[in-house]
Amino acid sequence: MKRYQPSEFEPTLIAEWNKDKVYKAVLSKGKKKMYILDMFPYPSGAGLHVGHPRGYTATDILTRYYRMKGYSVLHPMGWDAFGLPAENAAIKDKTNPKKVVPKNIDNFRRQMQMLGFSYDWDLEFATTDPDYYQWTQWLFIEFFKMGLLTKKMTPINYCPNCKTGLAEEEVLADGTHERCGTKITKKELPQWIFRITEYADRLLEDLKDLKWPTGILEMQKNWIGRKEGININYRVKGTKELITCFTTRPDTNFGATFIVVAPEHKFVASLLKSKAKSQKSKVEDIKKYVEKAKSKTELERQAEGKKKTGVFTGFYAINNLNDRKMPIWISDFVLKDFGTGAVVGVPGHDLRDFEFASEFDIDVVRVVVGSDGDKSPITKKKQVQEEEGTMINSSFLDGMDIHKATKKIMNYIEKKGWGKRVVTYHLRDWIFSRQRYWGEPIPMIYCESCAKNKVSYFNTSKNQKSVISNQKTKKEVKSRINEIKDSLYGWFPVSEKELPLELPDLDKYEPLATGESPLAAVDTFINTTCPNCGGKAVRETDTMPNWAGSCWYFLRFAFPRHPELGSGSKRDPGSGSGMRTKSPSRKEWDKMMKSADKWMPVDWYFGGAEHAVLHLLYARFWMKAMYDIGLVSQTEPFMRLRNVGMILAEDHRKMSKSWGNVINPDDVVNEFGADSLRLYEMFMAPFSQEIAWSTRTLQGSYRFLTRVWRMCKQYSIQIKSHTSVEKDHQEVLNELHRTIEKVSSDIENVKYNTAVAAMMEFLNFWEDELKDQIVNSKGKSKMPLSSKSAKEFLKILAPFAPFMTESIWYDIFEEKESIHLADWPIADKKLLKMEVITIPVQVNGKLRATLTMDKKQADEKTVVKKALEDEKVKKYTDGKKYKVIYVKGKILNLVLKK
RNA sequence: GGCCGAGUGGUGAAACCGGUAUACACGCAAGACUUAAAAUCUUGUGUCGCAAGACGUGCGGGUUCGAGUCCCGCCUCGGCCACCA
């Protein structure tokens, strides 16, 4: 044991920790529990890049800290292995993802162990394990039973070149396919829709209980986008039709001058059907415009910018408030999915409406006067008044401010029966079907003959039993089912006994030209019997999106172990020993959850901010739905959330193979050891901040560890000889305890950069003290800290540098049990207090001197007296009157009087 | 366009409730060791100035004995959403 040479002991320690199961998660009675979780990774072929360990080291430090503090800690790791990247990589290599994924997992696991993360590897599993996804399928069926899933025609993104439907993430911002650059079109396909919007209010409401970064909370809030407004019905002159418009600004309704509907609006369809009612030339125009609008790609829409296009229908709607005839237009700036797909145009008080009105010469009426007092007619874009103001030209609203007017007019319209208050959301229902191979098969069966007889799961008598006890939820479920059951004739869930419904092994699994899933071409998979009538039936061939697996994995980690079921089979490459489960059933779930519930919820959740709305929203949704069925006892999965900042390459660009600027952790560990990498990534910047990699700065962390190593090495003589009675230097001891205190609180606040700085500061102090010793005792080194105290320092460094501290712990200090199971040191409150303090002295707010004195003597009188003895202070105050401002023990300010 | 962050030395950054601005580290400079280099160690390092001192946390104001921190008005950069009615 000479030089600090990490490669000499790091691999050995990994093997020992694994063998002794040092990091086994055990829930002990009388101990507080702590569940610390990373967003589990997708195991790509490239292996870990240097950005992954930043988050994983952070959770590892928390885990090690709480473990040493005596908590029961759950810290697992697994693999989110379904999804497009694996599938595309496998297609490219002409192999099956089933073969590639296990290899990738092995590599990821090896790298994580290399970095010393203290996961309980026995709990490992992958979302692609049939043993896991049988439960994901089971949950799908439970959600189906409570009316949260329905199937309907929905437009999806489609690439005409690759002949496949695409996920949102495969469509670039300019509307092209990321692989081939072809413009994406829309294609209507039957899709399973997950009705997340049913939970919009609760997803919004419950945000208030979460200790999450405010930015993420804000993003979820915006994404849900709750808006209160009113739906107003307008009569179409000369017909029996009504057009309903959503608006949040009914106060301006006296200023409404036109109506615009989306090209997809049902009024347009009925218009085209009954040609007789409108002029023939108009019908042709309308047809042309609607077709063009529907075929427009995102790219074309963006190229057009905000220039308004549209076509007049020849019809007018009547504004009941003032009997105004408002022309009805069709335009693609109105979105079919927002509000009612129809807008009432108030060009004086909405910029977009004004642009439309100017384009087509529609009247503009002012109904609000803003703070500029401008009452003149609105003719210029600048004059459009969207802000606060007072009503004019609005009959009984005149003189009111806009908020009061809004309330008044809403009441008025509702009373008259012209409209109804409504709440709308930005949140859309979740399209849950993928026409892809590499995902969980959706466990549903379609029976044509049952469909013909209008039979579905929901009207077969044996299925009417409800397990939901909450009356309110029961009612909601009932009304949901009533709404959707007619669209689900012929659909039945796969029976529990059949789970897992396994993904078949296929040689060819490229998406089909029809836009269907590749499973649609596999006869042995499709054909089955109807669970209801026993006749011929077919399986659903779509698979679930890659988000499904991450919606409940945090529960699965907490499931009790079943060693009697054996370890993961070859088929389940990820499942660790004792993590297999029996077939899914409500009884089995309840048994599992009874014990898993003790770990829930996740106390600390770490991952990238890019999941702010997707994964985090979906998982919260599942949790609430599960709660409603009684599957879990909590409504929120993740109590505290922290976002890890991205690590950029040294050239400040994103790390990417194509730039050739990727840093591989294997190389870093080879050169500097895992501890240096961990320490550096914690020290480099505040945790959530994006930062560029710097090998130079990493060397600073390496240097620090080398110095700690050297320092500790000097204890070996002392310890082996057992001769000298060790004694702590009071000042070093005080400094040590201050460091213990600082590091402890910094860890709990995820401020690792300052925690590391504090330890560096301490080492500087400790070394200086030793040098003084050597000088004073003429070369004979006597350590300024006892080995007992030195070990305390080693302990607080242990979560950051688990390898080196463990190695010293065993070899120098001759300990027998792992440092990572030792007790966390507690700072001695008596030692924290500063006996001697420095007080800055200011004259007129400018620093002129500092006083060093005993804390007990630092009363105002003494401090002022001492300050006035200072030459510099005297220079400014001599012969002048001054006011004394003294904050005890903090600062003295002498303010000269004029 | 909407919402949310952030601007501090040559660089990454620190500063708890308004109380010594620049902790810790990198880099740089000089020196020690060495035949030499690397490694290591020592000292210095906000700007201007010989110094005393003055100035200094994106810019302009304000509150205060005292402002990186609070208030008002701007500028720049980053993130998310976006023809959202």
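Quick note on labels: first sequence line is chain A, next is B, and so on, each numbered from 1. Since we're looking at a predicted model, the values are computed, not measured.
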Open item on the list: Under 4.0 Å, heavy atoms only, any strand: does Thr248(A) hit a base, just the sugar-phosphate, or nothing?
Closed with: sugar-phosphate
Task: Rounded distance (Å) that lies between atom P of rC80(B) and atom CH2 of Trp223(A) - done: 12 Å
Could you go through nucleotides 39-46 of chain B and list every protein N or O atom that sits under 3.5 Å from one of its N or O atoms, giving the distance for each pair?
residue, atom, partner, partner atom, Å
rU40(B), OP1, Arg703(A), NE, 3.2
rC41(B), OP1, Arg710(A), NH2, 3.4
rU42(B), OP1, Lys771(A), NZ, 2.7

TODO: Please give the nucleotide sitting opposite rA32(B) as a Watson-Crick or G-U wobble pair, both distances under 3.5 Å, or none.
DONE: rU40(B)
Open item on the list: Between rC28(B) and rA38(B), how many Å separate the two P atoms, rounded to a whole number?
Closed with: 11 Å
Task: Nucleotide paired to rG7(B) in any strand shown, Watson-Crick or G-U, under 3.5 Å - done: rC75(B)
Task: Phosphate contact (rC84(B) OP1 or OP2) by Lys227(A) side-chain N/O below 4.0 Å - done: no
TODO: Report the distance from atom CD1 of Ile891(A) to atom C1' of rU64(B), rounded to the nearest whole Å.
DONE: 13 Å
Open item on the list: Considering every strand and a 4.0 Å limit on heavy-atom distances, what is the contact class for Lys875(A): base, sugar-phosphate, or nothing?
Closed with: sugar-phosphate
TODO: Could you work out which one of rA21(B), rC55(B), rA23(B) sits closest to the side chain of Lys846(A)?
DONE: rC55(B)
TODO: For the pair Glu735(A) and Arg738(A), find out whether any cationic side-chain nitrogen is under 4.0 Å from an anionic carboxylate oxygen.
DONE: yes
- [ ] Quickly work out the Glu386(A) CD to rC83(B) P distance and round it to whole Å.
- [x] 16 Å
Open item on the list: Please name the nucleotide paired to rG68(B) by Watson-Crick or G-U wobble geometry with both distances under 3.5 Å, or report none.
Closed with: none
Open item on the list: Nearest to the side chain of Met219(A), heavy atoms from C-beta on, is which of rA85(B), rC80(B), rA15(B)?
Closed with: rC80(B)
Open item on the list: Heavy atoms only, 4.0 Å cut-off, all strands: where does Glu355(A) land among base, sugar-phosphate and nothing?
Closed with: nothing
Open item on the list: Distance alone, cut at 3.5 Å: any donor-acceptor contact between the side chains of Tyr425(A) and Asp201(A)?
Closed with: yes
TODO: Search all heavy atoms of Ala262(A) against all heavy atoms of Leu335(A) and return the closest pair with its distance.
DONE: CB-C, 4.2 Å
Open item on the list: So Asn753(A), base contact, sugar-phosphate only, or nothing? Heavy-atom distance under 4.0 Å.
Closed with: sugar-phosphate
Open item on the list: Strictly by Watson-Crick or wobble contacts shorter than 3.5 Å, is anything paired with rA82(B), and which nucleotide is it?
Closed with: none
Open item on the list: Please report the distance separating the C1' of rG49(B) from the corresponding atom of rG58(B), rounded so that it comes out in whole Å.
Closed with: 26 Å
- [ ] Grab the CD1-C1' distance between Ile216(A) and rC81(B) for me, whole Å please.
- [x] 13 Å
TODO: Just call it for Ser694(A): base, sugar-phosphate, or nothing, with non-hydrogen atoms closer than 4.0 Å on any strand.
DONE: nothing
Open item on the list: Side chains of Ser688(A) and Asn643(A): any donor to acceptor distance under 3.5 Å?
Closed with: no
- [ ] Evaluate the ring planes of Trp547(A) and His611(A), with Trp represented by its six-membered ring, and classify them as parallel (under 30°), tilted (30 to 60°) or perpendicular (over 60°).
- [x] perpendicular
Task: Distance-only side-chain donor-acceptor flag, His403(A) / Glu388(A), under 3.5 Å - done: yes
TODO: Test Leu648(A) against Lys654(A) for side-chain contact (heavy atoms from CB on, under 4.5 Å), laying out the working first.
DONE: CA-CA 5 Å; Leu648(A) 301 172; Lys654(A) 273 193 186 184; 4.2 Å; yes
- [ ] Answer with yes or no whether Arg249(A) presents, from its side chain, a donor or acceptor under 3.5 Å of a partner atom in the base of rA85(B).
- [x] no
Task: Distance, P atom - from rG62(B) to rA67(B), rounded to whole angstrom - done: 12 Å
Open item on the list: If you compare all heavy atoms of Gln220(A) against all heavy atoms of Arg620(A), which two are closest, and at what distance to 0.1 Å?
Closed with: OE1-NH1, 2.7 Å
Task: Ion pair Asp363(A)/Arg324(A), N-O distance below 4.0 Å - done: yes
Open item on the list: At 4.0 Å (heavy atoms only), tell me whether Asn844(A) reaches a base, stays on the sugar-phosphate, or touches nothing.
Closed with: nothing
Task: Ion pair Arg653(A)/Asp651(A), N-O distance below 4.0 Å - done: yes
Open item on the list: Over all strands shown, is Lys308(A) touching base, sugar-phosphate only, or nothing at heavy-atom distances under 4.0 angstrom?
Closed with: base
Task: Ring centroid separation Phe672(A) to Tyr680(A) under 6.0 Å - done: no
- [ ] Could you tell me whether Arg848(A) contacts a base, only the sugar-phosphate backbone, or nothing, with contacts defined as non-hydrogen atoms closer than 4.0 Å?
- [x] sugar-phosphate
Task: P-based separation of rA25(B) from rC41(B) [nearest Å] - done: 11 Å
TODO: Quote, to the nearest angstrom, the P distance that separates rG66(B) from rG56(B).
DONE: 15 Å
Open item on the list: Using the ring centroid of each side chain, check whether Trp430(A) and Tyr618(A) are separated by less than 6.0 Å.
Closed with: yes
Task: Between rC84(B) (C1') and Ile224(A) (CD1): distance, integer Å - done: 16 Å
Open item on the list: Does rG1(B) have its OP1 or OP2 closer than 4.0 Å to a side-chain nitrogen or oxygen of Lys381(A)?
Closed with: no
TODO: Please state the P separation for the pair rG53(B) and rU76(B) - nearest whole angstrom.
DONE: 41 Å
Open item on the list: For rG56(B), give the paired nucleotide (Watson-Crick: N1-N3 plus N6-O4 or O6-N4; G-U: N1-O2 and O6-N3; both under 3.5 Å), or none.
Closed with: none
TODO: Starting from C1' on rC24(B), measure out to OH on Tyr752(A) and report it in whole angstrom.
DONE: 18 Å
Task: 5' precedence on RNA chain B between Pro686(A) and Ala758(A) (nearest-nucleotide basis) - done: Pro686(A)
- [ ] Any strand is fair game: report the nucleotide pairing with rU45(B) by Watson-Crick or G-U wobble, both distances under 3.5 Å, or none.
- [x] rG27(B)
- [ ] Measure the distance from NZ on Lys742(A) to C1' on rC16(B) and round it to the nearest whole Å.
- [x] 8 Å
TODO: Please work out if Lys888(A) contacts a base, only the sugar-phosphate, or nothing of the nucleic acid, heavy-atom cut-off 4.0 Å.
DONE: nothing
Task: Which residue lies more 5' along RNA chain B, comparing Asn893(A) with Gly339(A) via nearest heavy atoms - done: Asn893(A)
Task: Least distance between heavy atoms, Val50(A) atom then Ile647(A) atom - done: O-CD1, 3.6 Å
Open item on the list: For nucleotides 3-12 of chain B, give me one character per nucleotide, 5' to 3': B if any protein heavy atom sits under 4.0 Å from the base, S if the only such contacts are to the sugar-phosphate, - if neither.
Closed with: SS-------B
Open item on the list: Please give the distance between the P atoms of rG46(B) and rA36(B) as a whole number of Å.
Closed with: 32 Å
Task: Candidates rA85(B), rG19(B), rA23(B) - which lies nearest the side chain of Thr247(A) - done: rA85(B)
Task: Rounded interatomic separation in angstrom, taking CG from Asp353(A) and C1' from rA85(B) - done: 7 Å
- [ ] Return the nucleotide paired to rA14(B): Watson-Crick means purine N1 to pyrimidine N3 with N6-O4 or O6-N4, wobble means G-U with N1-O2 and O6-N3, both under 3.5 Å.
- [x] none
TODO: Using a 4.0 Å heavy-atom cut-off across all strands, classify Val343(A) as base, sugar-phosphate, or nothing.
DONE: base
Open item on the list: Can you identify which nucleotide, out of rC84(B), rA25(B), rC83(B), has its nearest atom closest to the His426(A) side chain?
Closed with: rC84(B)
- [ ] Report which part of the nucleic acid Arg696(A) touches: base, sugar-phosphate, or nothing (heavy-atom distance under 4.0 Å, all strands).
- [x] sugar-phosphate
Task: Pair Phe762(A) and Phe793(A), ring centroids less than 6.0 Å apart - done: yes
Task: Span that lies between the C1' atom of rC48(B) and that of rC3(B), in whole angstrom - done: 43 Å
